[in-house]
**Q** 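My structure is below; once you've seen it, I'll send some questions.
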Number of protein chains: 2
Amino acid sequence: MSQSFTEENYLKHIYKLSKRSEKGVSTNALAERLETKASSVTDMIKKLAAKKLVDYKKYQGVTLTKKGQKIAVDIIRKHRLWEVFLLEHLGFGGEEVHDVAEELEHINSETLIDRLDKFLGHPKYDPHGGPIPNSEGVFPEPKRVKLDELEVGRKTKVMGITEHSDAFLTHLKKLGLELGAEFDLKERFDFDRSVEIELNDKTIQLSHDVAKNIFVSYNS
Amino acid sequence: MSQSFTEENYLKHIYKLSKRSEKGVSTNALAERLETKASSVTDMIKKLAAKKLVDYKKYQGVTLTKKGQKIAVDIIRKHRLWEVFLLEHLGFGGEEVHDVAEELEHINSETLIDRLDKFLGHPKYDPHGGPIPNSEGVFPEPKRVKLDELEVGRKTKVMGITEHSDAFLTHLKKLGLELGAEFDLKERFDFDRSVEIELNDKTIQLSHDVAKNIFVSYNS
DNA sequence: ATACATTTTTAGACTTGTCTAAATTTCATT
DNA sequence: AATGAAATTTAGACAAGTCTAAAAATGTAT
Ligand SMILES: [Mn+2]
Ligand SMILES: [Mn+2]
Ligand SMILES: [Mn+2]
Ligand SMILES: [Mn+2]
């Protein structure tokens with residue numbers, strides 16, 4: 001059975017919304033995410049339920065079935081692989097990438113995505129730090145975390161950022177915290193959750209606002 | 001104004017069909033190409049006419065307006081650029097490529113296609129010998145021709161084929177006429193339009209059936 | 001010029017995804 | 001437990017694209 005773009009987008013957003021709470025995803029939350037009306041969401045949910053892609057009881061929200069989940073994860077895989085391609089090979093900037101990937105993720109060809117994956121060298125994370133599931137739908141082990149939450153004492157590397165304002169980018173540049181920069185996390189101050197890192201033999205203080213927007217990776 | 005996938009496919013096929021005759025494209029021809037019914041074609045043509053993308057008089061067939069033509073040529077550009085990418089960078093085989101390109105051609109992002117074009121090195125022809133228009137919609141000078149029609153005496157190179165049966169492919173392989181093979185056209189026999197070529201110091205006869213399915217290129 | 005076949009258009013219906021407005025259910029407060 | 005607010009579903013409508021069956025136009029062959 002094959003899905004329309006619309007159905008795929010619904011499934012993907014149900015998946016993403018359901019990550020942040022045990023209960024089913026609410027009609028309104030979904031409507032807001034998809035920039036559509038609650039009544040439209042109800043209609044679509046019924047269609048997805050008829051196809052056994054979601055479980056649905058009136059007024060109780062939706063959850064994905066195994067089948068629906070596999071499709072959702074597959075869309076995420078495609079989205080992130082395309083983003084890697086656009087950024088690393090076509091020279092796109094961080095922000096331009098998402099909208100195009102939003103369309104490319106719906107191109108349906110297993111061959112295509114497998115070969116793209118190979119071409120890209122089987123990346124495990126996209127440039128925003130998002131983990132890329134393999135073709136079985138399995139996500140890589142989470143060896144990656146926001147600097148915000150990293151264990152003190154770790155050697156780490158800047159893998160991505162979650163804030164893309166010019167202000168933030170130039171700030172990072174000034175500090176020397178560019179993509180790929182390596183440093184040690186020396187200390188975290190409970191008072192304001194600011195951190196102290198050592199980068200190229202310099203000691204630097206970072207506010208919580210900065211730390212929470214930097215993705216870092218660590219080994220093992 | 002933005003077009004749906006469907007509208008874009010109609011425009012593209014009107015363009016291709018109108019290349020082979022002066023008159024407008026007939027409803028039935030279009031229906032057959034698009035694997036749909038004549039009545040559906042009539043409906044869509046009226047929609048396109050309302051958008052000023054085609055000129056249409058009842059029972060007289062359609063032709064593209066300047067606007068419609070630009071859109072059609074743009075789709076062809078995208079289709080062929082994607083085919084180059086799939087073949088040269090993802091390792092697709094000649095036949096697998098088309099169906100995927102049929103979907104990719106509808107991804108709408110000028111940035112994307114300009115960067116893809118650059119990434120590919122601004123190719124002028126796709127691997128089937130199809131010329132790739134530039135972003136203004138201008139096709140490259142036709143320096144490429146079927147062996148069928150090549151001027152006797154030319155040095156040429158195999159650039160593509162227009163027949164993809166196993167039988168034909170193995171035949172070519174046996175003759176040494178693979179993609180990129182270089183040879184001279186020595187003679188053409190009017191009797192049956194067969195040709196004589198010289199390839200790697202060997203003289204080979206090719207029937208018209210073979211010659212008409214080989215694209216060759218020549219300089220200046 | 002007439003008759004028949006082919007092509008094209010129209011009429012009416014269906015599916016997908018959306019919307020507004022109204023009805024229903026659930027939830028929070030008293 | 002009652003009530004009002006918020007969330008959700010239903011009812012009915014619409015646009016896009018398609019289809020079948022029937023009507024109209026065009027082309028062809030005597
Ligand atoms: Mn994205
Ligand atoms: Mn999408
Ligand atoms: Mn093609
Ligand atoms: Mn297409």
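Chain A is the first sequence line, chain B the second, and so forth, proteins listed ahead of strands; every chain is numbered from 1. Note that the coordinates shown come from a computational prediction; the quantities given were computed from them, not determined experimentally.
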**Q** Applying side chain to side chain contact (heavy atoms under 4.5 Å, CB included), can you list everything that pairs with A/Asp190, at least two apart in sequence or on another chain?
**A**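 Here no residue qualifies.
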
**Q** Which heavy atom of A/Val73 sits nearest to which heavy atom of A/Tyr15, and what is that distance?
**A**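 What the structure gives for the nearest pair is CG2-CE1, 3.7 Å.
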
**Q** Sequence neighbours excluded, which residues qualify as side chain to side chain contact (heavy atoms under 4.5 Å, CB included) partners of B/Glu163?
**A**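 Once residues adjacent in sequence are excluded, the partners of B/Glu163 under the side chain to side chain contact (heavy atoms under 4.5 Å, CB included) criterion are B/Ser165, B/Phe168, B/Asn213.
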
**Q** Hey, what are the protein-to-nucleotides 15-18 of chain D N/O distances that come in under 3.5 Å?
**A**
residue : atom : partner : partner atom : Å
D/dG17  : OP1  : B/Ser4  : OG           : 2.6
D/dT18  : OP2  : B/Tyr10 : OH           : 3.4

**Q** Hey, can you pull the residues of residues 49-58 of chain A with a non-hydrogen atom under 4.0 angstrom from DNA chain C?
**A**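 When residues 49-58 of chain A is checked for heavy atoms under 4.0 Å from DNA chain C, there are no hits whatsoever.
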
**Q** Just jot down the ring-ring contact (aromatic ring centres under 6.0 Å, His included) partners of A/His171, sequence neighbours excluded, or say none.
**A**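 So A/His171 forms no ring-ring contact (aromatic ring centres under 6.0 Å, His included) with any residue.
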
**Q** Using 4.0 Å as the upper bound for N to carboxylate O, is an ion pair formed by A/Arg154 and A/Glu151?
**A**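 The answer is yes: the pair qualifies as a salt bridge.
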
**Q** Who pairs with B/Lys212 by salt bridge (charged side-chain N to carboxylate O under 4.0 Å, His left out), at least two apart in sequence or on another chain?
**A**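 Salt bridge (charged side-chain N to carboxylate O under 4.0 Å, His left out) check on B/Lys212 returns B/Asp209.
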
**Q** Quick test of your reading: applying side chain to side chain donor-acceptor pair (under 3.5 Å), list the pairs with at least one residue in residues 82-110 of chain A, sequence neighbours left out, ordered by first then second residue.
**A**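 Applying side chain to side chain donor-acceptor pair (under 3.5 Å) to every pair that reaches into residues 82-110 of chain A, excluding sequence neighbours, yields A/Glu8-A/His106, A/Glu8-A/Asn108, A/Asn9-A/His106, A/Lys12-A/Glu102, A/Lys12-A/Glu105, A/Lys78-A/Asn108, A/His79-A/Glu83, A/His79-A/His98, A/His79-A/Glu105, A/Glu83-A/His98, A/Glu96-B/Arg115, A/His98-A/Glu102.
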
**Q** Using a 4.0 Å cut-off to any heavy atom of chain B, which nucleotides of DNA chain C are the first and last in contact, reading 5' to 3'?
**A**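 So the contact region on DNA chain C extends C/dT7 to C/dT10.
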
**Q** With A/His13, which residues qualify under ring-ring contact (aromatic ring centres under 6.0 Å, His included), at least two apart?
**A**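 ring-ring contact (aromatic ring centres under 6.0 Å, His included) list for A/His13, sorted by chain: empty.
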
**Q** Going by atom types only, do A/His208 and A/Asp148 share a side-chain donor-acceptor pair under 3.5 Å?
**A**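 Note: A/His208 and A/Asp148 side chains meet the donor-acceptor criterion.
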
**Q** Tell me every residue that passes salt bridge (charged side-chain N to carboxylate O under 4.0 Å, His left out) with A/Arg80, counting only those two or more places apart in sequence or in another chain.
**A**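 By the salt bridge (charged side-chain N to carboxylate O under 4.0 Å, His left out) rule, A/Arg80 matches A/Asp126.
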
**Q** Could you verify whether a donor N or O on one side chain and an acceptor N or O on the other, from A/Ser26 and A/Asn28, lie under 3.5 Å apart?
**A**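 Judged by distance alone, the side chains do not pair up.
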
**Q** Polar pairs (N or O, both sides) under 3.5 Å between protein and nucleotides 3-6 of chain D?
**A**
none

**Q** Determine all donor-acceptor pairs shorter than 3.5 Å in which one atom belongs to a side chain in residues 40-68 of chain A; sequence neighbours excluded.
**A**
residue : atom : partner : partner atom : Å
A/Thr42 : OG1  : A/Ala38 : O            : 3.2
A/Lys51 : NZ   : A/Glu7  : OE1          : 3.2
A/Lys51 : NZ   : A/Glu7  : OE2          : 2.9
A/Thr65 : OG1  : A/Lys52 : O            : 2.8
A/Thr65 : OG1  : A/Leu53 : O            : 3.1
A/Thr65 : OG1  : A/Lys67 : N            : 3.4
A/Thr65 : OG1  : A/Gly68 : N            : 3.1

**Q** Looking across every strand, which nucleic acid part, if any, lies under 4.0 Å from A/Thr27 by heavy atom: base, sugar-phosphate, or nothing?
**A**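 Touches sugar-phosphate only.
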
